[in-house]
Amino acid sequence: KNKTGAALANPTKADYQAVYDEIASRLEEKDDYDDGSFGPVLVRLAWHASGTYDKETGTGGSNGATMRFHPESSHGANAGLIAARDFLDPVKAKFPWITYSDLWILGGVCAIQEMQGPIVPYRPGRSDRDVAACTPDGRLPDATQGGDHLRNIFYRMGFNDQEIVALSGAHALGRCHRDRSGFEGPWTFSPTVLTNDFYTLLLEQKWDWKKWDGPKQYEDKSTKSLMMLPTDMALVQDKGFRPHVERYAKSNDEFFKDFSAVVLRLFELGVPFAAGTESQRWTMKPTWDES
Ligand code: CCH
């Protein structure tokens with residue numbers, strides 16, 4: 001059978017690895033975007049596809065890929081994610097058997113691993129849904145708010161305080177764009193490599209309000225080249241969050257272990273996997289693994 005044909009009946013781990021490898025090679029090739037990588041925006045696409053989940057109603061989550069459609073594509077929080085969807089479209093064209101929902105999550109897994117992050121086991125099985133499955137606006141976090149808001153949003157997905165802090169370490173990656181969120185700048189000095197720098201910088205730098213005409217954000221006192229959102233700063237201001245920030249700042253290994261576990265959960269929210277498919281949580285081989 002033609003492995004790339006639309007009719008591929010039972011795609012195997014090797015088939016998904018071929019898609020992974022294609023995403024990884026496009027990441028390497030298209031290095032003139034932003035800070036040199038589409039990786040961060042791919043992580044954000046996978047997160048925003050998943051983070052709409054509501055555990056009470058079982059709606060939202062990464063099953064469906066409904067961000068392809070208006071109104072979800074036009075939700076303020078999703079501004080700029082067209083760059084990630086467009087990046088993945090040629091991959092979908094080459095492997096038409098994969099669903100958009102599985103592809104976007106595989107894009108997130110691939111980006112995390114290729115940016116030297118931990119292995120995030122990947123389980124396929126998402127199906128695409130139509131515009132009627134779009135979630136209402138307001139399910140993703142609002143960066144202008146504080147700790148209570150973070151808890152409201154992430155508890156709705158079923159996460160606890162430790163998991164909120166672990167997920168937030170993704171802000172080691174990428175940057176804010178004035179024309180997308182209104183905020184501006186990167187969180188770390190190496191925005192295309194996943195490290196625990198988000199936590200160390202949060203604790204070790206002195207942060208001032210940035211003086212500008214944009215939305216309220218922090219800038220580091222010494223170089224004035226890094227930023228923090230009000231929600232990021234809530235993680236050190238809040239007694240429930242702060243101990244986890246301190247723990248992850250001390251140990252990149254602990255951060256990687258907890259980040260992998262919580263991202264795995266995030267990426268599976270709301271997906272009606274067939275029973276017994278936990279054993280299909282595959283390790284997709286990163287390009288840097290030469291074993
Ligand atoms: Fe985030 N994030 N995020 N974020 N985010 C932004 C960018 C990225 C919030 C707000 C923003 C997570 C949690 C939160 C990424 C991953 C995650 C931006 C800038 C805002 C604003 C967007 C722009 O202008 O392009 C808020 C609030 C929260 C609350 O918790 C979580 C969780 C994750 C993943 C696990 C990544 C990656 C980026 C960089 C995107 C890029 O294009 O560089």
Side-chain angles (χ1 to χ4, degrees), residues 17 20 23-24 27-28 35-37 39-44 46-47 50-51 105-123 147 150-151 154 157-175 186-205 207 220 226-229 231-269 278-291:
Q17 183 69 53
Y20 179 105
I23 301 168
L27 279 175
E28 174 137 4
D35 298 296
S37 174
V41 79
L42 287 189
V43 175
R44 193 164 199 244
W47 137 239
S50 309
I105 297 304
L106 187 54
V109 165
C110 178
I112 289 167
Q113 296 187 169
E114 295 303 309
M115 292 189 288
Q116 298 169 54
I119 295 293
V120 178
Y122 174 72
R123 173 160 56 148
L150 284 182
R151 288 196 173 89
F154 283 94
M157 296 176 220
F159 292 116
N160 62 29
D161 287 1
Q162 171 263 315
E163 291 170 315
I164 294 171
V165 177
L167 281 169
S168 303
H171 281 173
L173 300 170
R175 60 167 55 245
W187 289 266
T188 66
F189 295 111
S190 54
T192 62
V193 182
L194 186 59
T195 63
N196 64 342
D197 287 358
F198 171 76
Y199 306 104
T200 54
L201 290 162
L202 203 44
L203 291 171
E204 288 166 14
Q205 297 298 308
W207 297 96
D220 70 303
L226 301 179
M227 68 93 59
M228 288 287 165
L229 299 165
T231 40
D232 297 317
M233 206 52 77
L235 302 176
V236 284
Q237 292 162 342
D238 180 287
K239 286 197 177 68
F241 292 137
R242 185 169 177 122
H244 302 292
V245 174
E246 291 172 348
R247 197 158 55 84
Y248 296 140
K250 276 200 196 94
S251 168
N252 194 61
D253 287 351
E254 279 197 39
F255 167 53
F256 269 23
K257 184 166 76 58
D258 288 0
F259 184 74
S260 168
V262 73
V263 167
L264 171 80
R265 276 195 56 206
L266 174 72
F267 286 176
E268 294 195 351
L269 291 178
E278 285 83 359
S279 63
Q280 278 182 31
R281 281 190 183 129
W282 291 319
T283 295
M284 308 312 290
K285 193 171 150 72
T287 56
W288 44 260
D289 175 0
E290 276 148 20
S291 66

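Heavy atoms only: backbone and side chains are in, while hydrogens, waters and symmetry mates are out.
Ring orientation note: the planes of F255 and Y199 are nearly perpendicular, at an angle over 60° on the 30°/60° scale. Ring-plane geometry between H171 and F198 is classed as perpendicular, the angle between the planes exceeding 60 degrees on a 0 to 90 degree scale with a lower cut at 30.
Considering all non-hydrogen atoms of both residues, A111 and G39 come closest at CB-O, 3.4 Å. The two residues G147 and A234 have their closest heavy-atom pair at N-CB, 3.7 Å. When all heavy atoms of I105 and A46 are compared, the closest pair comes out as CD1-O, 3.8 Å.
Considering OG1 of T188 and CE of M227, their distance stands at 12.0 Å, rounded to 0.5 Å. Here the CZ atom belonging to R281 is positioned 4.5 Å from the CG atom belonging to L264, to the nearest 0.5 angstrom. In this structure, CZ in F259 is found 4.5 Å from CD1 in I112, a value given to the nearest 0.5 Å. The distance from the OG1 atom of T192 to the CD atom of E114 is 12.0 Å, given to the nearest 0.5 Å. For the atom pair L173 CG and S190 OG, the distance stands at 8.5 Å (nearest 0.5 Å). Here NZ of K250 is found 12.0 Å from CG of N196. Values are rounded to the nearest 0.5 Å.
When the shell of 6.0 Å around CD of E246 is examined, it contains more than 12 heavy atoms from other residues, nucleotides or ligands. Atom CD of Q116 is surrounded by 12 or fewer heavy atoms from other residues, nucleotides or ligands within 6.0 Å.
Counting heavy atoms from C-beta on, the side chains of R123 and E278 come closer than 4.5 Å. A 4.5 Å side-chain heavy-atom check between P286 and I119 finds at least one atom pair inside the cut-off. Looking at L27 and L42, their side chains come closer than 4.5 Å, going by heavy atoms from C-beta outward. Side-chain atoms of V236 and R242, non-hydrogen and from C-beta on, do get closer than 4.5 Å to each other. Between D220 and M228, every side-chain heavy-atom pair lies at or beyond the 4.5 Å cut-off. When side chains are defined from C-beta on, F159 counts as touching L266, because their heavy atoms get closer than 4.5 Å. The shortest side-chain heavy-atom distance between F189 and D197 does not fall under the 4.5 Å cut-off. Counting heavy atoms from C-beta outward, T200 and T195 have side chains that stay 4.5 Å or more apart.
Under the 3.5 Å distance criterion, with hydrogens and angles disregarded, no donor-acceptor pair is assigned to the side chains of D253 and S251. Side-chain atoms of Q17 and Y122 include no donor-acceptor pair closer than 3.5 Å.
Proximity of a side-chain donor or acceptor of S260 to a complementary backbone N or O of F256 within less than 3.5 Å is not detected. Between the side chain of S50 and the main chain of L269, no donor-acceptor pair closer than 3.5 Å is present. With hydrogens and angles disregarded, a donor-acceptor distance shorter than 3.5 Å links the side chain of Q113 to the backbone of V120. Side-chain atoms of K285 come within 3.5 Å of backbone atoms of S291 as a donor-acceptor pair (strictly under, hydrogens ignored). Side chain of D161 to backbone of F241: no donor-acceptor contact under 3.5 angstrom is found.
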Where do V43 and V263 land on the side-chain contact (heavy atoms from CB on, under 4.5 Å) test, with the steps shown first?
CA-CA 10 Å; V43 175; V263 167; over 6 Å; no

Is there a side-chain contact (heavy atoms from CB on, under 4.5 Å) between L201 and W187 once you walk through the steps?
CA-CA 8 Å; L201 290 162; W187 289 266; over 6 Å; no

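Residues satisfying the salt bridge (charged side-chain N to carboxylate O under 4.0 Å, His left out) test with R247, not counting sequence neighbours, are E254, D258. Partners of S37 by side-chain hydrogen bond (donor to acceptor under 3.5 Å, both in side chains), not counting sequence neighbours: none found.
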